Amino acid sequence: MNGYDENDAFEAAAAPQGAPQVEAQAQAPVPLSQRAMAARPAPYLDDLNPAQRAAVEAMDGPVLMLAGAGTGKTKALTTRIVHLLNTGRARPNEVLAVTFTNKAAREMKLRVGHLMGGTDAGLAWMGTFHSISVKILRRHAELVGLKSNFTILDTDDQLRLLKQLITASHIDEKRWPARMLAGIINSWKNRAWTPGKVPAAEAAAYNNRGIELYQQYQDRLRSLNATDFGDLLLHTVTLFQAYPDILQQYQRWFKYILVDEYQDTNVAQYLWLRLLAQSHKNICCVGDDDQSIYGWRGAEVGNILRFEKDFPGAHVVRLEQNYRSTPHILAAASGVIAGNAGRLGKTLWTEQEDGEKVRLIGHWDGEEEARWIGDELETLQRGTRAMAPHSLDDMAILVRASHQMRAFEDQFLTIGLPYRVIGGPRFYERQEIRDAMAYFRLAVSPDDDLAFERVVNTPKRGLGDKAQQNIQRVARAGGLSLLDGARALLAEGGIGGKGAGQLRVFTEGMARWHLATLAPNYNHVELAEVILEESGYTAMWQNDKTPEAPGRLENLKELVKALDNFENLQGFLEHVSLIMENETEEQGAKVSIMTLHAAKGLEFPVVFLPGWEDGLFPSQRSMDESGTKGLEEERRLAYVGITRAEELCTISFAANRRVYGQWQSQLPSRFIDELPAAHVAILTPPGLYGGGFGAAAPAPRLEERVASADVYNSPGWRRMQERSAQRPTAQPRAAKTSIIDMAAVSSFTKGDRVFHQKFGYGRIDGIEGDKLDVAFEKAGSKKVVAGFVVLVDDAHDDVPF
DNA sequence: AAGATCAAGCTTTTT
DNA sequence: GCTTGATCTT
């Protein structure tokens, strides 16, 4: 972790406010070197293709850069910034460049710096919507009812606060879960609706209860001098709308605006940008409508679709030459995304060699899918006739939902294949980190009630519900913070027993630590260690015998180490809330497992896309909740997935999967039908041909299957066999995996009696393509793929295998 | 006040 | 099937 981005924000916030700074810097002479470069030809332009070059050279006025996957979007964007600087149109701190993640901002800074000759380019206003908003808000906090040192609550804090409000209003928590309320409030904030601006119809839909709670929540946040993530944007927009003079300062200051991932902006972000760009309209938005996958958290594809209406005369540039993937992969992706209506439309092309077709394979169940992919990874690691050896770092498994990861983790642990899960619980979201941070917060600001609640009984101090309610009561009665309330309670003897002693130790410790933070130039790293030690927090984990305790202690050490990058505790706390990244660099090559969402912006030579089954992908919930819109977003997710692959893309599905513990029969994803056949190679089932490359072979007879048993000679398979000798072998399964033999459908007729490995016997009710409606005797009516059932004789109940 | 047992719910995720 | 939260028990 580093505080790089946030440190910039901090400096700017501490600088003289608003206009004076703007004036002072505007008069600074432009360095000669920059002026000189303006006249000289710019060598970096020669590195661009015509489209990229057009996007870079169209500097004034609105520009929409439609950049397909792998078309060198970041290159165009960074070069554009460099060009703006080199032609003397703007100085580095007059460029506003907005991204969605800190990672993207950091990367871009690095690349611009690189192009500029390896120095820090001084792009003070390159950052996320949120971090830039914080920077602005800290300067004008009092105008939106906050103090400049406001804290930023994360989702967890937000939820706990809402829960308190719900309980306080005597509302049934079952009918109004905090998560639901949080969802509603966030969606309102995404649309830039303050409580007063929520349309009556929308508010009424929740019996006016939601709007009441929203108002209460906002009041509570102000009294805590806190914001949530949504507020950062909402308050900034409100500020700009209410104070035109302040808006004007920023409009003048930001001579050029650049926006990355424009398709992911929500209404609040859109307004934020439009307000800032309104005067000069020097705004360049980069995005790809086909990669809009965050609709569920408020992103509006509409923003990018109507850019030309918002900014008449906009220069639209399409980046369509792809430098990432082979033609087969691109064609497969294009084929799928073509199913979406209302696209801006791009045609990706490449000069690359054809390469391998996209591979498609079906499996009996999720475990077998994981096993097969594990074997494939090992094969690819060694290399094959068709493909050179690959490092595990070059391979990734992209899943729709995180619960799919488990099957892979289990399998890889079994065969000893190194893997990394990307996007797991982030460092700052871990319990021990949040606890420690709460201690620091309370030491810095003794009236941080949320922090108090979090740590007062962690570690256990014998202060249960009753004691905590007493503290609350005393605090409220006296208008005190909870910490002072606790002191008052102790003073009046309102608490007895062992709890009293421990509470006294706690409050006295807090007083000491707070005092320490007031000393100028105190050693904050040392203080942090002292706090964790004296509070008993470290001891709590040292005494914990659960397997994760050592890791947690390790994380705490990391946290203390991270403090070194900051001036003091205060500075650390003020800025850390926006950096939620986990930057532990691991050793050794590992295959990456992540969700499709987490994969956006990444690329890998080898990509596996498992679980392409209706209901899982596309996700049932997505379709239920958002209908066609939801399905289209799922389809874009499929597009994102396929286009992550550079050389080899393998899509797979399983016929059976355990969903919430229940075995369910799965149908192949409708997206599979949308894959253009000419670019897809259908693989034979696992256990038959060892997962080599090549076209589909005719389904072998049983004898051949037995003969090809040496397939199970891969190292992973052997290791697994050794470790789980008692587990049932895959023998019966392997015989039944003759899926994808879609031609075999014709051999069934309505009324046939069939057998299914998991559901038992049943009778065919109907046939739809390669899918059968079967009424199972025990499992009820199910839709199954024809390849997974076997015709049985009416007269005999022999298991047909 | 803290451990134990049971019921309910369960995408995707950054800031 | 597994985790989380709420209630029950000691």
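Since this is a predicted model, take the numbers as computed values, not measurements. Chain letters run A, B, ... following the sequence lines, proteins first and then strands; every chain starts at 1.
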Nearest whole angstrom, please: distance from the [atom2] of [N] to the [atom1] of [X].
{"X": "A:Ile422", "N": "B:dT13", "atom1": "CD1", "atom2": "P", "value": "12 Å"}
{"X": "A:Ile152", "N": "B:dT14", "atom1": "CD1", "atom2": "P", "value": "17 Å"}
{"X": "A:Gln291", "N": "B:dT14", "atom1": "CD", "atom2": "C1'", "value": "17 Å"}
{"X": "A:Lys103", "N": "B:dT13", "atom1": "NZ", "atom2": "C1'", "value": "14 Å"}
{"X": "A:Leu234", "N": "B:dT15", "atom1": "CG", "atom2": "C1'", "value": "15 Å"}
{"X": "A:Glu261", "N": "B:dT15", "atom1": "CD", "atom2": "P", "value": "12 Å"}

Q) Under a criterion of less than 4.0 angstrom to any heavy atom of chain A, what are the 5'-terminal and 3'-terminal contacting nucleotides of DNA chain C? A) C:dG1 to C:dA6
Between protein and nucleic acid, restricted to nucleotides 8-12 of chain B and to nitrogen or oxygen atoms under 3.5 Å apart, what atom pairs and distances do you find?
unit_1	atom_1	unit_2	atom_2	d
B:dT12	OP1	A:Ser402	N	2.8
B:dT12	OP1	A:Ser402	OG	2.3
B:dT12	O4'	A:Arg400	NH1	3.2
B:dT12	O2	A:Trp296	NE1	3.4
B:dT12	O2	A:Arg400	NH2	2.9

Side chain to side chain, [X] and [Y], heavy atoms closer than 4.5 Å:
{"X": "A:Tyr214", "Y": "A:Lys189", "answer": "yes"}
{"X": "A:Asn470", "Y": "A:Ile495", "answer": "no"}
{"X": "A:Tyr262", "Y": "A:Phe100", "answer": "no"}

Please tell me whether [X] and [Y] form a close aromatic pair, meaning their ring centres lie under 6.0 Å apart.
{"X": "A:Trp612", "Y": "A:Phe653", "value": "no"}
{"X": "A:Trp272", "Y": "A:Tyr270", "value": "no"}
{"X": "A:His235", "Y": "A:Phe240", "value": "no"}

(Q) Students often get this wrong, so: under 4.0 angstrom with heavy atoms, is A:Arg406 touching a base, only sugar-phosphate, or nothing? (A) sugar-phosphate
**Q.** Side-chain donor-acceptor pair present, A:Tyr419, A:Glu409, cut-off under 3.5 Å
**A.** yes
Q: Please measure how far the C1' atom in B:dT12 lies from the corresponding atom in C:dG5, and state the result in whole Å.
A: 23 Å
Q: Report the relative orientation of the aromatic rings in A:Tyr294 and A:His597; use parallel for angles under 30°, tilted for 30 to 60°, perpendicular for over 60°.
A: tilted
Q: Quick one: sort the A:Phe229 and A:His130 rings into parallel, tilted or perpendicular, breaks at 30° and 60°.
A: perpendicular
Q: Report yes or no: is the cationic atom of A:Arg220 (NZ for Lys, CZ for Arg) under 6.0 Å from the centre of the six-membered ring of A:Tyr217, at an angle within 45° of the ring normal?
A: no
(Q) I'd like to know whether A:Arg454 forms a salt bridge (charged side-chain N to carboxylate O under 4.0 Å, His left out) with A:Asp157, so could you lay out the CA-CA distance, the side-chain angles of the two residues, the decisive distance to 0.1 Å, and finally the verdict. (A) CA-CA 10 Å; A:Arg454 186 170 182 105; A:Asp157 292 322; 5.4 Å; no
(Q) Give me syn or anti for B:dT12, where syn covers glycosidic angles within 90 degrees of 0. (A) anti
Dump the pairs, protein N or O against N or O of nucleotides 1-3 of chain B, anything under 3.5 Å, distances to one decimal.
unit_1	atom_1	unit_2	atom_2	d
B:dA1	OP1	A:Gly464	N	2.7
B:dA2	OP1	A:Gly462	N	3.3
B:dA2	OP2	A:Asn457	ND2	3.4

